[in-house]
Amino acid sequence: MDKRSVAALKYVGTQRAVRLKKLGIKTVGDLLWYFPRRYEDRRLLKGLATLVPGEKATVRVMIKGWEEREVRPNLRLLRALVEDGEGRGYALWFNQPFVRRRLKLGGEVFLTGKVNYHNFLPEIQVTDYEVAGSGEDGLHAGRIVPFYPLTGGLSQRWLRLIVHQALKETAGKIPEILPPSLCTRYRLIPRCRALEYIHFPPDPAALHQARRRLKYEELLIWELALVLSRREREDGRPGIAHTRDNEMVRRFIAALPFNLTGAQERVLGEILADMEKPRPMARLLQGDVGSGKTVVAAAAMVKAVGGGWQAALMAPTEVLAEQHGRTLHRLLAPLGIPVAVLTGNTPRAEREAILSGLITGRLPLVVGTHTLIQENVDFKALGLVVIDEQHRFGVGQRAALQAKGDAPDLLVMTATPIPRTLALAIYGDLEISLLDEMPPGRQPVTTYVLTEKQRAKAYQLIRKEIARGHQAYVICPLIDESEGIAAEAATAMYQKLKEEVFPEYKIGLLHGRLKPSVKEEVMESFRRGDLAVLVATTVVEVGVDVPNATVMLIEGAERLGLAQLHQLRGRVGRGQDASYCLLMAGNDGAARERLKILATNSDGFAIAEADLRLRGPGEFFGTRQHGLPEFRLASLPDDLRILEHAREDAHRICRENLWQQPEYYGLYLAAKEKMDELKL
Ligand code: ADP
Ligand code: MG
């Protein structure tokens with residue numbers, strides 16, 4: 001990549017360089033790799049006489065006269081009389097008086113915009129214009145025109161201009177980084193050509209070729225970074241062969257208040273066997289909400305600790321870390337294994353004690369948030385890393401925790417189903433264990449899709465459950481209404497329930513903006529049963545475990561994805577009692593149909609699939625629930641096939657040590673750069 005500062009380019013001053021920085025563009029290379037979000041096909045120029053009201057069109061016209069006036073305060077209108085060979089019309093700008101200075105009377109200009117009528121002539125409300133025959137080489141009209149994602153203070157026109165300039169200045173100097181063999185195999189266009197076409201495609205086919213080429217390159221570099229980093233981590237390090245002695249694990253299991261499910265036994269067997277091998281374990285434990293992943297992870301940690309190693313479990317939120325700490329404490333106290341909890345909120349003295357316990361090895365087991373990956377956390381002998389709800393963490397964070405040990409084993413847990421091929425390609429060489437069985441006695445959560453009219457009934461059901469000694473969740477997807485969506489704010493809901501609906505009950509409020517200590521207090525009183533109702537945002541989505549809660553009311557359910565709703569719903573139905581999920585939704589028929597899938601289905605994988613089918617990959621994966629990495633160009637799972645090729649190629653390149661060959665050197669550097677960027 002071209003490492004020169006963008007400020008070195010013509011048309012870019014220091015001020016604009018600062019604005020570009022906000023877009024993440026610092027170097028000329030960054031700029032070239034800043035791809036358009038969309039394109040507009042302005043190849044076809046229309047004649048003024050042929051314009052149809054309502055259409056969006058581009059014309060080439062001559063300016064014949066100006067009219068300027070103030071329609072009302074703060075609204076200045078600038079109108080030009082224009083003509084081409086065959087007709088006359090108007091062009092219209094609002095609040096852009098400077099346009100008049102730029103476009104000369106009698107000069108020719110390209111105009112793009114929506115067509116209306118004024119004085120019986122077509123009038124274009126201009127969104128984009130360009131002086132014809134100017135030095136800008138027809139960047140904004142008469143071609144397929146790129147549109148970039150922009151922030152304030154920068155214009156599309158200017159960005160086009162400097163991208164074009166950057167392409168001009170680097171022409172012939174952008175090195176190819178793919179070896180010829182790969183370009184030939186996939187019939188990929190050269191890199192410099194692809195960059196030119198992705199910004200300024202001569203036609204749609206060229207754009208397609210450019211995107212295909214750059215996606216492959218992007219995914220190959222990603223896969224290479226994964227493979228390389230893994231190789232470097234393991235290089236010369238044999239990994240840990242954990243003890244074959246499972247006596248402590250057996251004692252742990254015997255002390256559980258329940259029997260393991262068949263799936264738990266099978267999966268635990270896979271994990272224990274894998275841990276005994278000297279090769280570092282990298283395993284993904286997939287299981288629907290409530291399938292009992294925590295116990296399995298605990299058993300694995302017991303094995304590590306039993307052999308004299310330390311184990312660390314990282315969870316995405318404080319609430320969850322605290323909860324895991326409590327659960328593990330309960331499970332492990334009989335074995336005499338102490339459990340420490342380290343979060344950003346741990347009091348200083350306690351924190352010091354934990355840090356020293358970890359480095360001296362006195363503490364065998366720690367649970368925490370991303371605080372665990374901070375620099376001052378060191379272990380004496382970290383042998384097992386467990387990551388809960390892995391989709392909340394980036395690959396870099398995972399690797400950072402692993403780096404605290406000498407090639408420790410890795411177990412990542414997730415309740416979000418990702419197809420195997422996708423998981424492999426995204427996470428590198430993970431083995432996958434699947435918990436495909438629920439603990440016995442679980443009753444599926446009876447789910448209803450309700451309308452506003454049925455609200456009274458919903459509250460009635462909640463009262464009935466509370467009368468039986470149970471507890472309820474009321475979930476409000478947004479904290480406040482700042483986003484302008486008509487979401488019931490959790491706080492408003494809390495007030496309303498407390499004062500009007502359930503004045504007889506104790507009610508708690510939990511949302512992300514509360515202080516951590518307050519959050520923990522609220523969670524704790526709900527857990528103890530002091531609160532009958534917990535009003536919460538989606539912060540309870542991951543992993544909260546209060547078996548006595550048997551009913552959940554979700555407001556504005558249509559705003560959430562099915563997979564996320566299923567996760568939320570998994571917070572109830574954790575005990576032996578019948579439980580309920582009430583989805584409040586508007587009258588939109590399609591949305592209600594979608595929600596009904598939940599009512600008839602309790603299998604998280606089937607639900608995720610249905611969601612994927614109904615909403616399409618964009619929205620389904622767009623929720624960032626799946627922890628899919630963000631690529632500049634490639635989007636998953638649409639580009640899965642390209643990803644699979646890239647993965648195969650990356651593995652082959654490493655296996656056959658093709659790095660040694662000069663034509664792979666560019667790729668090698670790019671992969672290294674990617675590793676730095678991802679902190680791998
Ligand atoms: P998740 O897979 O969602 O993380 P958890 O590990 O939190 O699920 O387990 C959910 C609940 O099920 C917990 O209360 C746990 O104690 C309980 N549980 C786990 N395994 C079993 C089992 N084999 N039999 C009965 N209950 C179990
Ligand atoms: Mg869990």
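Atoms within a ligand are numbered from 1 in the order they appear, just like the ligands themselves. Values in this document were obtained by computation on a predicted structure and should not be read as measured data.
Under the 4.5 Å side-chain criterion, counting only non-hydrogen atoms from C-beta, Leu342 is in contact with Leu355.
Using a cutoff of 4.0 Å between basic side-chain nitrogens and carboxylate oxygens, Glu270 and Arg266 are scored as salt-bridged.
Partners of Asp588 by side-chain hydrogen bond (donor to acceptor under 3.5 Å, both in side chains), not counting sequence neighbours: none found. For Glu322, the side-chain hydrogen bond (donor to acceptor under 3.5 Å, both in side chains) test picks out no residue, with sequence neighbours left out.
Note on ligand 1: Val296 sits outside its first shell, no heavy atom being nearer than 4.0 Å. Contact annotation: Gly290 has at least one heavy atom less than 4.0 Å from an atom of ligand 1. Residue contacts with ligand 1 include Asn259, since one of its heavy atoms falls under 4.0 Å from the ligand. At least one heavy atom of Ser291 sits closer than 4.0 Å to an atom of ligand 1.
Glu520 and Ser517 share no side-chain donor-acceptor pair at under 3.5 Å. Side-chain contact check for His329 and Arg326: no donor-acceptor pair (N or O, by modelled atom type) lies under 3.5 Å.
In terms of polar-atom proximity, Gly292 is counted as a contact of ligand 1, with an N or O under 3.5 Å from an N or O of the ligand.
Taking every non-hydrogen atom of Thr261 and a distance limit under 4.0 Å, the qualifying atoms of ligand 1 come out as 23 (N). Ligand 1 places these atoms under 4.0 Å from at least one heavy atom of Val289: 3 (O). Contact atoms of ligand 1 toward Leu260: 23 (N) (distance under 4.0 Å to a heavy atom of the residue).
Contacts between Thr294 and ligand 1 below 4.0 angstrom, taking non-hydrogen atoms only, involve backbone and side chain alike. With a 4.0 Å heavy-atom cut-off, ligand 1 is reached by the backbone of Asp288 but not by any atom from C-beta on. Only the side chain of Gln264 comes within contact range of ligand 1, with a heavy atom under 4.0 Å; no backbone atom does.
Note on ring orientation: taking the six-membered ring where Trp is involved, the planes of Tyr448 and Tyr580 are parallel (angle under 30°, cut-offs 30° and 60°).
Of the listed residues (Asp577, Thr550, Val572), just one forms a side chain to side chain contact (heavy atoms under 4.5 Å, CB included) with Glu465, and that residue is Thr550.
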